[in-house]
Amino acid sequence: MNPEFRVLVLEDNPGDLRLLREMVADEGDMRFHLNAVSRLMEALEVLDDEPYDLILADLNVPDSNGLDTFQSLQKSAPDTPVILVTGNTDESTALAAVAHGAQDYLVKDGLDARALTRAMMYAVERNRVEQERRQLVAILEATTDVVWTITPDGRTRFLNQAGHAVLGLAPDIGLAAVDLMEHFAPWAMRLVREEAIPCAIRDGVWLGETALIGPDRTEIPVSQIIIAHRSSSGRLLFLSSIARDIRERKKTEERLARLAQFDPLTGLPNRDLFRDRLTHAMQRARRHERLLALLFIDLDNFKDVNDTLGHSAGDQLLKEVGKRLERCLRAEDTVGRLGGDEFTVLIENLESIEQLQVVLDKLLRELSTGVPLAGTEVFVTASIGATLYPLGEADTETLLKQADAAMYQAKSSGRNNYQFYSHELQIRITQRLALANDLRRAVERRELTLEYQPQVDVMTGAVTCLEALVRWNHPRDGLISPRVFIPIAEQTGQIGALGDWVLRAACRQCALWRAAGHPHARVSVNVSARQFRLTNMVHIVRSALDDAHLDADALELEITEGLMMENLNAVEGVLRELREMGVTLAVDDFGTGYSSLAYLKHLPLHCLKIDQSFVRDLPSDSDSAAIARSILAMAHHLNLSVVAEGVETQEQYDFLVDEGCDAVQGFLFARPLSPLAVEAVLRSGLALR
């Protein structure tokens, strides 16, 4: 079905109106709906009520004549095309109307149907195209993208208002004066001229990124598309372009790239970027025959800062450590953070190992300086592992493993020191890893056993308590010393499970002794600081006692001095709960840590155990003798009993008795005994002295 066009006819001559209707009716393939009025005021009222596709108007009507008629119609319906149908005498006026915007004019004399309908169709179509053009221009002006068109020879034909604003051009500037190429960054101008436009002409379209120059002469990165427009015959008509400001996208991409390569907390290179830099540094060292060092740094007891001061303080500490590491090194060296409290350092162009040692000493000094955190000053130390390249064949991964292994050796060597990687170290690390794996299955395989060393009252010689000592009978390596596998258990987090097994096994054994007729039998169990932190000690102790049906007064727990230094309030609360249960509390290896009278008088303790390192040289060594006397005097002043460990000679024993020591423990009286041997001692009532 052909479309129907609504036509308003302004004609006061009935004969001319009838003729127009007949001419339109004769064209059967066109559908026009004519609404005729004879006065201008009527036409204006009709136009005000409803839209029309076309106006046919005689310039001279009863209430208006000449150019005024057209201008009134145009003002009332500016988007509706007007065709003038006039007489010969009005032809000059009609021409003036066309100059002011009328679509066409037809002279009534000699008018035929074909000319009339053709003029009407052309006017409607031309108006439709113009409306679409205006809509398109409105859309292009509304967008914030820069839109322009240029002729094949480079002359600017259109530039939207966004383009004027971005390029800093006045809105009323003549486009003939605008050379868009001059508003590209130099590198982008070459790209557009040499690649983008030729590509668009050849392929029809080009997509890419360029940069415009803004009013402040800074580059504005844009995503740009250039399209070549051709006629039906293939002739190039013009080029159009749309350029979108991508500054925010570029910033986001830069942020994402930084997040992908840099640690968000410290701003240091992360694991991936550090590995990449290490790889390239190794290539340079090999090519130029220069020495480089890789350091693996782990903070000592960093978890304690998080636990006591909070994670925010821990984050501040990590940022400060990163800054200090960078201050100690040259600009060409690289500091990275792998995660947690692990840092890596890459030092290139070393002259000697001695030069590296100077750097390592400087790092240890700098890191051990106090850090103000959360209203207090925190002191941390670091364990550093170092490996060198290319002293041996290694790839990036191997070098990192070597430095990591050396760092763990520094941890095992007392912390706050550095160790160099060696082949022998790798063997030891491999063996430790194997033992760590085997230790996980030692309990279920029943490879662990307990022996008990008696504590002896110096006045009566009676056994007052039995310290439980864990033994590991490895199926391949035989008996493994606790000095070997206890540190492994602490480092790998297995100390909680191991300690729980020891506690429960000791409680069950003590219950068996009591059930066998030894109601005063007591056991002592060591609790490491890490085990204390990782577990709920009150719950575990209560559970172990309940499972064994053992009274709390049968159990003594030995804690280390270092535990008391970590968080006095938290430790004191747990110890008070244990004491209220009836558990005896002792400080093990007293004198080797950092305990002070201030700590001891706040904690609910029963006993101090003098470390064997102070007993070993008694009574001949004056320093050891003075320390032992001081510990005994301080403990008795606080109403604490004292047990001396490692007593092996009569001279040691006599000195301790003379100085008022309450109990002793050592080879002079008994080595660690099996449960059966302990029962024999308890049954015989033998006094061990």
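Remember, predicted model here, so these are calculated numbers, not experimental data.
Side-chain atoms of D457 do not come within 3.5 Å of backbone N or O of T464 as any donor-acceptor pair. Panel note: side chain D658, backbone L656; no donor-acceptor pair is recorded below 3.5 Å. Judged by distance alone, the side chain of Q355 and the main-chain N or O of E351 form a donor-acceptor pair under 3.5 Å. Between the side chain of Y418 and the backbone N or O of L295, no donor-acceptor pair lies under 3.5 Å. At distances below 3.5 Å, at least one donor-acceptor pair connects side-chain atoms of Q453 with backbone N or O atoms of A670. A donor-acceptor contact shorter than 3.5 Å is absent between the side chain of D662 and the backbone of S641. Looking at H606, its side chain does come within 3.5 Å of a backbone N or O of L585 through a donor-acceptor pair. Between the R337 side chain and the G340 main chain, a donor and an acceptor come within less than 3.5 Å of each other. Between the R324 side chain and the T369 main chain, a donor and an acceptor come within less than 3.5 Å of each other. No side-chain donor-acceptor contact under 3.5 Å links T376 to the backbone of P372.
Side-chain contact annotation: N526 with E467, donor-acceptor N/O pair under 3.5 Å present. Using a 3.5 Å distance cut-off with no hydrogens or angles, the side chains of S543 and D546 do not pair a donor with an acceptor. A donor-acceptor contact closer than 3.5 angstrom is absent between the side chains of D361 and Q357. Residues E645 and Q612 have side chains that never bring a donor and an acceptor to within less than 3.5 angstrom of each other. For the 3.5 Å distance criterion, the side chains of S674 and E451 fail to qualify, holding no donor opposite an acceptor.
The number of heavy atoms from other shown groups lying within 6.0 Å of CZ (R446) does not exceed 12. Annotation for R441: atom CZ counts as buried by contact number, over 12 foreign heavy atoms lying within 6.0 Å.
Ion pairing between D621 and R616 fails under the 4.0 Å rule for side-chain N and carboxylate O. Under the 4.0 Å criterion applied to side-chain N and carboxylate O atoms, E447 and R471 are not assigned as salt-bridge partners. Salt bridge status for E572 with R576: present, with a side-chain N to carboxylate O gap under 4.0 Å. A salt bridge does not link K319 to D315: none of the charged side-chain nitrogens sits closer than 4.0 Å to a carboxylate oxygen. Between E366 and K323, no side-chain nitrogen of the basic residue sits less than 4.0 Å from a carboxylate oxygen of the acidic one, so the salt-bridge criterion is not met. Using a 4.0 Å cut-off between charged side-chain N and carboxylate O, D547 and R508 make no salt bridge. Between K609 and E558 there is a salt bridge, since at least one side-chain N of the basic residue sits less than 4.0 Å from a carboxylate O of the acidic one.
Here the straight-line distance linking atom CG of L545 with atom CD1 of I540 works out to 12.0 Å at 0.5 Å rounding. I631 CD1 to D611 CG: the interatomic distance, rounded to the nearest 0.5 Å, is 8.5 Å. From E679, atom CD reaches atom CG of L673 across 12.5 Å, with rounding to the nearest 0.5 Å. One distance of note links CG of L498 with CZ of R440; it measures 12.0 Å at 0.5 Å rounding. How far CH2 of W472 is from CG of L439: 4.5 Å, rounded to the nearest 0.5 Å. Here the straight-line distance linking atom CG of L555 with atom CG of L557 works out to 4.5 Å at 0.5 Å rounding.
Summarising the geometry of R522 relative to D553, their closest heavy-atom pair is NE-O, 3.3 Å, with the distance given to 0.1 Å. Smallest separation of non-hydrogen atoms from L605 and L640: O-CD2, 3.2 Å. What you find for V615 and A644 is that their closest heavy atoms are CG2-CB, 4.2 Å. In terms of heavy atoms, P454 sits closest to Q665 at O-CG, 3.5 Å.
Contact annotation: the side chain of L618 never approaches that of V647 to less than 4.5 Å [non-hydrogen atoms, C-beta and beyond]. Contact of the H474 side chain with the D438 side chain is registered, since non-hydrogen atoms from C-beta on lie closer than 4.5 Å. Side-chain contact between L450 and V502: present, with at least one pair of heavy atoms (C-beta onward) separated by less than 4.5 Å. At least one side-chain heavy atom of M407 sits less than 4.5 Å from a side-chain heavy atom of D404. At a threshold of 4.5 Å between non-hydrogen side-chain atoms, the residues L575 and I559 count as touching. Looking at heavy atoms from C-beta onward, L292 lies in side-chain contact with L399 at the 4.5 angstrom threshold. Counting only heavy atoms from C-beta outward, the side chains of F485 and V470 approach each other to under 4.5 Å. For the pair N536 and V574, the minimum side-chain heavy-atom distance is 4.5 Å or more.
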Residues I347, V345; criterion side-chain contact (heavy atoms from CB on, under 4.5 Å); working and verdict: CA-CA 6 Å; I347 305 175; V345 173; 3.7 Å; yes
The test is side-chain contact (heavy atoms from CB on, under 4.5 Å); show your working for L356 and L388 and say whether it passes. CA-CA 10 Å; L356 176 59; L388 297 168; 3.6 Å; yes
For S524 and E556: C-alpha separation, side-chain torsions, deciding distance, then whether side-chain hydrogen bond (donor to acceptor under 3.5 Å, both in side chains) applies. CA-CA 4 Å; S524 179; E556 177 179 277; 3.1 Å; yes
Between Q652 and D654, does the side-chain hydrogen bond (donor to acceptor under 3.5 Å, both in side chains) criterion hold? Intermediate values first, please. CA-CA 6 Å; Q652 295 168 345; D654 292 340; over 6 Å; no
When you look at D300 and K411, which way does the salt bridge (Lys or Arg N to Asp or Glu O under 4.0 Å) test go after all the steps? CA-CA 8 Å; D300 300 327; K411 291 277 189 188; 2.9 Å; yes
Apply side-chain contact (heavy atoms from CB on, under 4.5 Å) to the pair L363 and I384, showing each step before the final yes or no. CA-CA 9 Å; L363 289 174; I384 305 177; 4.2 Å; yes
Might you work through the side-chain contact (heavy atoms from CB on, under 4.5 Å) test for V378 and L309, ending with a clear yes or no? CA-CA 10 Å; V378 175; L309 300 179; 3.5 Å; yes
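Within the structure, ring pair (Phe, Tyr, Trp, His ring centres under 6.0 Å) pairs that include any residue of residues 498-530 comprise Y452-W513 (at least two apart or interchain).
The side-chain contact (heavy atoms from CB on, under 4.5 Å) check on S620 picks up nothing, with sequence neighbours excluded.
For F343 and F296, the ring centers sit 6.0 Å or farther from each other.
Taking the ring axis of F667 as reference, the NZ or CZ atom of R671 stays within 45° of it and closer than 6.0 Å to the ring centre.
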